[in-house]
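Chain letters run A, B, ... following the sequence lines, proteins first and then strands; every chain starts at 1.
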Amino acid sequence: MSEEKSLNFLEDIIEQHLAEGRYKHIHTRFPPEPNGYLHIGHASSICLNFGLAKKYGGKCNLRFDDTNPVTEDTEYVDSIMNDIRWLGFEWEGETLYTSDYFDTLYNFAVDLIKKGLAYVDDSTAEEIAATKGSTTEPGKNSPYRNRSIEENLQLFAEMKEGKNKDGEKVLRAKIDMAHPNLLLRDPLMYRIKHAHHHRTGDKWCIYPMYDFAHGQSDSIENITHSICTLEFIHHRPLYDWFIEKLGIYPSKQYEFARRNLSYTVMSKRKLLQLVNEKHVTGWDDPRMPTISGMRRRGYPAQAIVNFCDTVGIAKRENVVDLGVLEFHVREQLNKTALRMMAVLDPVKLIITNYPEGQAEELDMENNPEDENGGTRKVPFSRELWIEREDFMEEPPKKFFRLGPGLTVRLKGAYIIECTGFAKDNNGNVTEIHATYIPESKSGHDTTGLKVKGTIHWVNAPTARTAEVRLYDRLFKVENPAAEEGDFKTYINEHSLEVLPAVYVEPALADAQPGQEFQFLRKGYFAVDSKDSTPGKPVFNRTVTLKDSWAKEQKKD
RNA sequence: AGUCCGAUGGUGUAAUGGUAGCACUACAGAUUUUGGUUCUGUCUGUCUAGGUUCGAAUCCUGGUCGGACUACCA
C-alpha cells in the first residue's frame with residue numbers, strides 16, 4: 001500500500017464537512033481580478049481550488065472578479081484563461097464574471113436599504129476617511145446615516161441612473177461606526193464610476209465594492225468553500241454579515257497564507273511597475289514570476305504543479321526558496337529534454353592527427369533517461385569548438401578536463417590527449433592542439449583506457465550559430481519586498497546576459513518554439529516563443545544543471 | 001499601541017495528548033562517456049516561562065517575536 005499522505009488544514013476541514021454530511025459535494029472557485037497576469041502565487045491558489053475539487057469529487061468555477069472597470073481589461077481575461085489551461089486545469093461550465101451579477105447585486109443592495117441596513121452617504125472620500133476613526137479610536141456617524149428608507153431608495157436609484165458625478169455619493173452598509181474591526185464601520189457597498197467596463201460597457205455607472213460582490217457571488221454560485229489569502233481574514237465577518245442579512249446561500253470563507261518565492265516580488269503592483277518602467281520586457285519576460293514568464297522560460301507546467309503540491313499550504317508567513325522550484329523544473333526536464341551540444345564560450349580545438357578533409361558522422365544518444373529516446377547523427381572532423389573553461393594552461397589537481405598532457409573523452413567521439421596550444425599577443429589562448437586515439441571511438445572502444453573527464457564539443461565546419469539568453473534571479477536579495485526603501489534598488493542588473501552567436505550542432509537550427517533541450521553540461525534551454533524565427537532559434541536558459549565542480553571551486 | 005492571525009532544522013511542510021517525519025538545501029561516499037542523473041549515508045528543529053497530565057509540538061495562562069487591518073483597490 002502507498003503511504004498515507006498527510007492532509008493540509010483545508011483538506012481536514014473539508015473531510016470533516018463531508019463526513020458530517022454538511023455538504024454532499026464541495027464547490028470551490030478561482031476568482032482572479034482581470035487586472036494583471038497570473039503569477040506563481042496564483043498557481044498555488046489554482047492548484048488548491050481545482051485540486052481540492054478534483055480530489056473530493058466536487059466542482060471548481062472560474063470567476064473573474066471584475067468590479068473595478070478602470071483597472072481591468074479583456075487582455076488579462078484571455079491570458080488568465082490561457083494560463084489556467086496550460087497548467088492543466090479546466091473550470092466547471094461557463095466562464096463566470098461578477099459583472100454578470102450586477103443586476104442581482106443591485107437588487108441585493110435595494111433589499112438592504114429596505115431593511116434599513118444601508119444608506120446613501122454624500123460625504124466626500126476625505127470626510128469618510130476622517131470619520132472612520134483608527135485602530136484605537138472609534139469612528140463617528142455620518143450626518144447622512146439616518147436618512148429615511150424612501151429617501152435612500154430614491155437617492156440610490158438616482159445614483160444608478162447617472163444623476164451624480166464620480167465620488168458625489170456612495171452607498172454604505174449601516175453596521176457600527178465603533179466596531180473594533182474597521183471593516184465593519186459602515187463599509188462602502190457601491191461607488192460611482194462613470195467608466196467603460198470591459199464587458200458591461202456603459203450600462204453601469206455604479207459598481208459594487210469587493211466586499212459587496214465577492215461573498216454574494218460565491219453565494220449565487222453555491223460555493224461551499226471560498227478560499228482566499230490571509231489578508232482577507234478581517235473581511236470574513238463582513239462576508240458573513242451580508243450573506244446573513246440578505247438571507248442567501250451561506251458560502252463560507254477560509255484563508256491560507258499566500259506563497260512567496262525568494263529573489264522575486266509577487267505583488268501585481270510591483271510586477272506592473274517592472275513592466276511599465278521597462279526593467280523587464282513584459283509580463284511574459286522569462287525573468288518574471290508570472291506563469292507566462294515561466295512558460296516562456298521553459299518551466300514545464302507539471303513542474304509548477306508539483307512545486308505547488310510539495311510546498312503545500314498553511315497559515316503562516318513564508319518565503320519558499322527558489323531552489324525548490326528549480327528542483328522540480330530539473331526533475332521534469334531531466335526526463336524529457338533532448339540532449340544536444342552547444343558551445344557557449346568557444347575556443348578552437350585542432351586534432352592534429354585527424355586527417356584534413358576527413359569527416360564522419362557519429363551516433364549520439366538523444367536522452368539517456370529515455371529508453372526510447374533513440375540516437376542522432378552528429379558530424380565530427382579535425383576542427384572542433386570546445387568550451388573555453390574546459391581548458392587550463394596550468395590545471396589544478398582535480399581538474400578533469402583539458403590541459404597540457406591531459407586526456408579527456410570528447411562526448412560520443414574519441415579520447416584525446418592535449419599536446420599543446422597557441423596564444424595571441426595578449427596572452428589569450430587561441431587554439432588547443434590534441435591527438436586522438438582512433439581505437440577509442442565511442443561504442444567501439446578497444447583501448448581499455450579510463451578517462452576522468454568527458455567534454456562536449458561542436459564540429460567547427462558544420463556548426464550553426466544561435467542567440468542564447470542566460471537568465472539569473474531578478475533580485476539580489478532574498479526578499480526584496482521586506483527590504484528598506486524602494487524594492488527596485490535591489491534589482492539584479494546582471495539578470496540577463498545575451499550571447500548573440502553561440503555554436504550549436506546543426507540539428508538545433510531547426511528547433512521549434514517551445515521545444516526544450518538540455519545543452520550537455522550547460523543546462524536546460526527552451527526555444528523562445530516570441531523572438532525565434534525559422535532557422536534562427538533563440539534559446540532561453542531555463543535553469544542550469546547542478547554544478548558540483550563550481551561548488552568545489554568556490555570552497556578554495 | 002486596539003482587533004485579528006501566526007510561531008516546528010537553513011527553507012517549506014507533517015505529526016490532531018503517546019517514536020518529532022517528509023521534501024528541498026548542505027555535507028560525505030558509490031555509480032556514471034554530462035563534475036548531470038541515479039543510489040547510500042550524515043548533520044541540523046518544536047519561540048519563551050509557568051500550568052494541566054502517567055505523558056505536551058499539540059491543551060491552558062503570561063510573555064516575546066512576526067504579520068494583517070485604518071483604499072470610493074481586490
Using a heavy-atom cut-off of 4.0 Å across all strands, would you classify [X] as base, sugar-phosphate, or nothing?
{"X": "Val324(A)", "answer": "sugar-phosphate"}
{"X": "Pro368(A)", "answer": "base"}
{"X": "Gly453(A)", "answer": "nothing"}
{"X": "Asn181(A)", "answer": "nothing"}
{"X": "Phe399(A)", "answer": "base"}
{"X": "Arg185(A)", "answer": "nothing"}
{"X": "Tyr190(A)", "answer": "nothing"}
{"X": "Glu369(A)", "answer": "base"}
{"X": "Lys193(A)", "answer": "sugar-phosphate"}
{"X": "Gly139(A)", "answer": "nothing"}
{"X": "Ser44(A)", "answer": "nothing"}
{"X": "Phe400(A)", "answer": "base"}
{"X": "Asn35(A)", "answer": "nothing"}
{"X": "Thr71(A)", "answer": "nothing"}

Does [X] place a side-chain N or O at less than 4.0 Å from the phosphate oxygens OP1/OP2 of [N]?
{"X": "Thr310(A)", "N": "rC22(B)", "value": "no"}
{"X": "Arg330(A)", "N": "rU25(B)", "value": "no"}
{"X": "Lys551(A)", "N": "rA26(B)", "value": "yes"}
{"X": "Arg191(A)", "N": "rC73(B)", "value": "yes"}

Report yes if a donor N or O on one partner sits less than 3.5 Å from an acceptor N or O on the other, where the partners are the side chain of [X] and the base of [N]; otherwise report no.
{"X": "Arg339(A)", "N": "rU34(B)", "result": "yes"}
{"X": "Arg521(A)", "N": "rU34(B)", "result": "no"}
{"X": "His235(A)", "N": "rA74(B)", "result": "yes"}
{"X": "Ser442(A)", "N": "rU33(B)", "result": "yes"}
{"X": "Arg401(A)", "N": "rG35(B)", "result": "yes"}

If you check the [X] side chain, which of [options] turns out closest?
{"X": "Asp321(A)", "options": "rA74(B), rU33(B), rU11(B)", "answer": "rU11(B)"}
{"X": "Lys546(A)", "options": "rU13(B), rU33(B), rU25(B)", "answer": "rU25(B)"}
{"X": "Thr67(A)", "options": "rA74(B), rA14(B), rU70(B)", "answer": "rA74(B)"}
{"X": "His234(A)", "options": "rG2(B), rC4(B), rC73(B)", "answer": "rC4(B)"}
{"X": "Leu182(A)", "options": "rG2(B), rC72(B), rG35(B)", "answer": "rG2(B)"}
{"X": "Glu317(A)", "options": "rU13(B), rG2(B), rG67(B)", "answer": "rG67(B)"}
{"X": "Val311(A)", "options": "rA74(B), rC5(B), rG12(B)", "answer": "rG12(B)"}

Looking at [N], which nucleotide sits across from it as a Watson-Crick or G-U wobble partner, both distances under 3.5 angstrom, or is there none?
{"N": "rG6(B)", "answer": "rC65(B)"}
{"N": "rU19(B)", "answer": "none"}
{"N": "rG41(B)", "answer": "rC27(B)"}
{"N": "rA74(B)", "answer": "none"}

Query - Short side-chain donor-acceptor distance under 3.5 Å, Asn61(A) and Glu221(A) - result: yes
Query raised in the report: Between Gln216(A) and Tyr239(A), do the side chains contain an N or O donor and an N or O acceptor separated by less than 3.5 Å?
Result: no
Within this structure, what is the [atom1]-to-[atom2] distance between [X] and [N], rounded to whole angstrom?
{"X": "Phe256(A)", "N": "rG67(B)", "atom1": "CZ", "atom2": "P", "answer": "20 Å"}
{"X": "His456(A)", "N": "rG36(B)", "atom1": "NE2", "atom2": "C1'", "answer": "13 Å"}
{"X": "Phe327(A)", "N": "rG10(B)", "atom1": "CZ", "atom2": "C1'", "answer": "17 Å"}
{"X": "Glu255(A)", "N": "rU3(B)", "atom1": "CD", "atom2": "C1'", "answer": "15 Å"}
{"X": "Glu137(A)", "N": "rU70(B)", "atom1": "CD", "atom2": "P", "answer": "17 Å"}
{"X": "Ile233(A)", "N": "rA74(B)", "atom1": "CD1", "atom2": "P", "answer": "20 Å"}
{"X": "Glu231(A)", "N": "rC73(B)", "atom1": "CD", "atom2": "P", "answer": "17 Å"}
{"X": "Leu545(A)", "N": "rU37(B)", "atom1": "CG", "atom2": "C1'", "answer": "9 Å"}

Query raised in the report: Does the side chain of Ser45(A) come within less than 4.5 Å of Ile227(A)'s, by heavy atoms?
Result: no
Mind checking the [atom1] distance from [N] to [M]? Whole angstroms is fine.
{"N": "rC22(B)", "M": "rA14(B)", "atom1": "P", "value": "15 Å"}
{"N": "rC24(B)", "M": "rG36(B)", "atom1": "P", "value": "16 Å"}
{"N": "rG45(B)", "M": "rA20(B)", "atom1": "P", "value": "13 Å"}
{"N": "rG55(B)", "M": "rA28(B)", "atom1": "C1'", "value": "38 Å"}

Query raised in the report: Of Pro208(A) and Lys450(A), whose closest RNA chain B nucleotide lies nearer the 5' terminus?
Result: Lys450(A)
Query raised in the report: Mapping Ala314(A) and Val451(A) onto RNA chain B by nearest heavy atom, which one lands closer to the 5' end?
Result: Ala314(A)
Query raised in the report: Hey, which of Lys174(A), Lys132(A), Arg145(A), Lys140(A) is the one that makes salt bridge (charged side-chain N to carboxylate O under 4.0 Å, His left out) with Asp186(A)?
Result: Arg145(A)
Query raised in the report: Within 45° of the ring axis of Phe487(A) and under 6.0 Å from its six-membered ring centre, is that where the NZ or CZ of Lys270(A) lies?
Result: yes
Requested in this report: Identify whether NZ of Lys or CZ of Arg in Arg409(A) sits under 6.0 Å from the centre of the six-membered ring of Tyr414(A) and within 45° of that ring's axis.
Outcome: no
Query raised in the report: Between the main-chain N or O of His197(A) and the side-chain N or O of Thr200(A), is there a donor-acceptor pair closer than 3.5 Å?
Result: no
Query raised in the report: So, for Tyr76(A) and Pro34(A), which heavy atoms are closest and what is the spacing to 0.1 Å?
Result: CD1-O, 3.2 Å
Query - For the student: nearest non-hydrogen atoms of Gln253(A) and Glu255(A), plus distance - result: NE2-OE2, 3.0 Å
Report task. Flag as yes if Trp549(A) stacks onto the base of rG35(B) (centroids under 5.5 Å, planes under 30°), otherwise no. Result -> yes
Query raised in the report: Are Tyr263(A) and Phe475(A) close enough that their ring centres sit under 6.0 Å apart?
Result: no
